[in-house]
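To keep things clear, I will list the structure first and then write my remarks on it.
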Amino acid sequence: MLFTFESINMFYLKEIDSWNYEGYIEEVSMTAYFDSFNKTGRLIGPGGCEGFAAILDNDTAGLFEFNSDGSTLEIGLALKPSFIGKGLGATFVRDGIEFGVQYYHCKHDVVKLVVNAQNKAAIHVYEKVGFTKIEQTENDIEMRLVLKER
């Protein structure tokens with residue numbers, strides 16, 4: 001794997017929270033982590049997910065979030081703005097999925113994610129990795145990747 005992954009901590013949380021994106025994506029919302037920390041002392045992401053910082057060449061390069069539910073691994077992800085457009089997207093997605101499958105020691109058949117319908121670049125990367133669209137609303141597209149037998 002090109003990227004390595006480390007459990008989210010306050011250092012990574014504050015850094016990721018400071019990222020600024022141009023266009024329709026204003027920010028990666030880290031509010032759930034801050035709220036859970038203030039209430040419980042633990043860093044828990046949206047919907048109870050676990051967050052991991054993606055590291056590339058000793059730099060925080062992205063965020064990967066996981067919810068493991070039986071045969072489905074739900075993911076949320078964000079690549080650091082300065083890494084966007086550098087040809088790293090597909091590798092980032094593949095490495096994050098590989099990490100999640102190994103980390104949860106489960107046999108997942110499907111990986112699911114939701115992406116903003118306007119985020120054409122991300123949709124292209126997900127399709128390149130093998131995701132297919134399964135449902136679309138006005139604002140969001142749900143996509144899934146069927147994992148090959150391991």
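Just so we're clear, the structure is a prediction, and the values are computed from it rather than from any experiment.
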- prompt: Hey, quick one: are Ile16 and Ile44 part of the same hydrophobic cluster, counting side-chain heavy atoms closer than 4.5 Å, chains of contacts allowed?
  reply: no
task: Determine, step by step, whether Asp59 and Phe83 satisfy the side chain to side chain contact (heavy atoms under 4.5 Å, CB included) criterion, reporting the C-alpha distance in whole Å, the side-chain angles of both residues, the deciding distance to 0.1 Å, and the verdict.
output: CA-CA 10 Å; Asp59 190 7; Phe83 285 86; 3.6 Å; yes
Ignoring hydrogens, what is the shortest heavy-atom contact between [X] and [Y]? Give both atom names and the distance.
{"X": "Arg94", "Y": "Lys128", "answer": "NH2-O, 3.9 Å"}
{"X": "Leu79", "Y": "Ile84", "answer": "O-CD1, 3.8 Å"}
{"X": "Ala32", "Y": "Gly45", "answer": "CB-C, 3.8 Å"}
{"X": "Thr60", "Y": "Glu15", "answer": "OG1-OE1, 2.9 Å"}
{"X": "Ala117", "Y": "Gln136", "answer": "CB-NE2, 4.1 Å"}
{"X": "Trp19", "Y": "Ala78", "answer": "CZ3-O, 4.2 Å"}

Hey, does [Y] have a side-chain heavy atom less than 4.5 Å from the side chain of [X]?
{"X": "Lys133", "Y": "Glu127", "value": "yes"}
{"X": "Arg144", "Y": "Val111", "value": "no"}
{"X": "Thr4", "Y": "Asp95", "value": "no"}
{"X": "Ile97", "Y": "Leu145", "value": "yes"}
{"X": "Phe34", "Y": "Met10", "value": "yes"}
{"X": "Leu73", "Y": "Val110", "value": "no"}
{"X": "Phe37", "Y": "Leu13", "value": "no"}
{"X": "Leu2", "Y": "Leu88", "value": "yes"}

task: With side-chain hydrogen bond (donor to acceptor under 3.5 Å, both in side chains) as the test, would you mind laying out the steps for Thr72 and His108 before giving the verdict?
output: CA-CA 5 Å; Thr72 301; His108 294 96; over 6 Å; no
[X] side chain to [Y] main-chain N or O, any donor-acceptor pair under 3.5 Å?
{"X": "Asn116", "Y": "Gln118", "answer": "yes"}
{"X": "Asn9", "Y": "Phe11", "answer": "yes"}
{"X": "Asp140", "Y": "Val114", "answer": "no"}

What's the separation between atom [atom1] in [X] and atom [atom2] in [Y], rounded to the nearest 0.5 Å?
{"X": "Ile134", "Y": "Phe131", "atom1": "CD1", "atom2": "CZ", "value": "10.0 Å"}
{"X": "His105", "Y": "Ser68", "atom1": "NE2", "atom2": "OG", "value": "11.0 Å"}
{"X": "Ile8", "Y": "Leu63", "atom1": "CD1", "atom2": "CG", "value": "5.5 Å"}
{"X": "Ser71", "Y": "Leu147", "atom1": "OG", "atom2": "CG", "value": "10.0 Å"}
{"X": "Leu43", "Y": "Cys49", "atom1": "CG", "atom2": "SG", "value": "11.0 Å"}

message: Glu6: which residues meet the salt bridge (Lys or Arg N to Asp or Glu O under 4.0 Å) condition with it, sequence neighbours left out?
response: none
query: Does atom CG of Asp57 have more than 12 heavy-atom neighbours, drawn from other residues, nucleotides or ligands, at distances under 6.0 Å?
result: no
field: SB check Lys112 Glu142 (cutoff 4.0 Å)
entry: yes
- prompt: Under the side-chain hydrogen bond (donor to acceptor under 3.5 Å, both in side chains) rule, what pairs show up with a residue in residues 33-54, not counting sequence neighbours?
  reply: Tyr33-Glu65, Glu50-Tyr103, Glu50-Tyr104
- prompt: According to the interplanar angle, ranging from 0 to 90°, do the rings of Phe99 and Phe52 count as parallel (below 30°), tilted (30 to 60°) or perpendicular (above 60°)?
  reply: perpendicular
Ring centroid separation Phe64 to Phe92 under 6.0 Å: yes
query: Does the pair Phe3 and Thr91 meet the rule for a side chain to side chain contact (heavy atoms under 4.5 Å, CB included), with working shown?
result: CA-CA 8 Å; Phe3 292 87; Thr91 301; 4.1 Å; yes
- prompt: For Thr31 and Asp17, what are the C-alpha separation, side-chain angles and deciding distance, and is it a side chain to side chain contact (heavy atoms under 4.5 Å, CB included)?
  reply: CA-CA 9 Å; Thr31 304; Asp17 192 51; 5.9 Å; no
task: Mind running side chain to side chain contact (heavy atoms under 4.5 Å, CB included) on Met30 and Lys14 for me, showing each step along the way?
output: CA-CA 8 Å; Met30 304 304 282; Lys14 289 178 180 178; over 6 Å; no
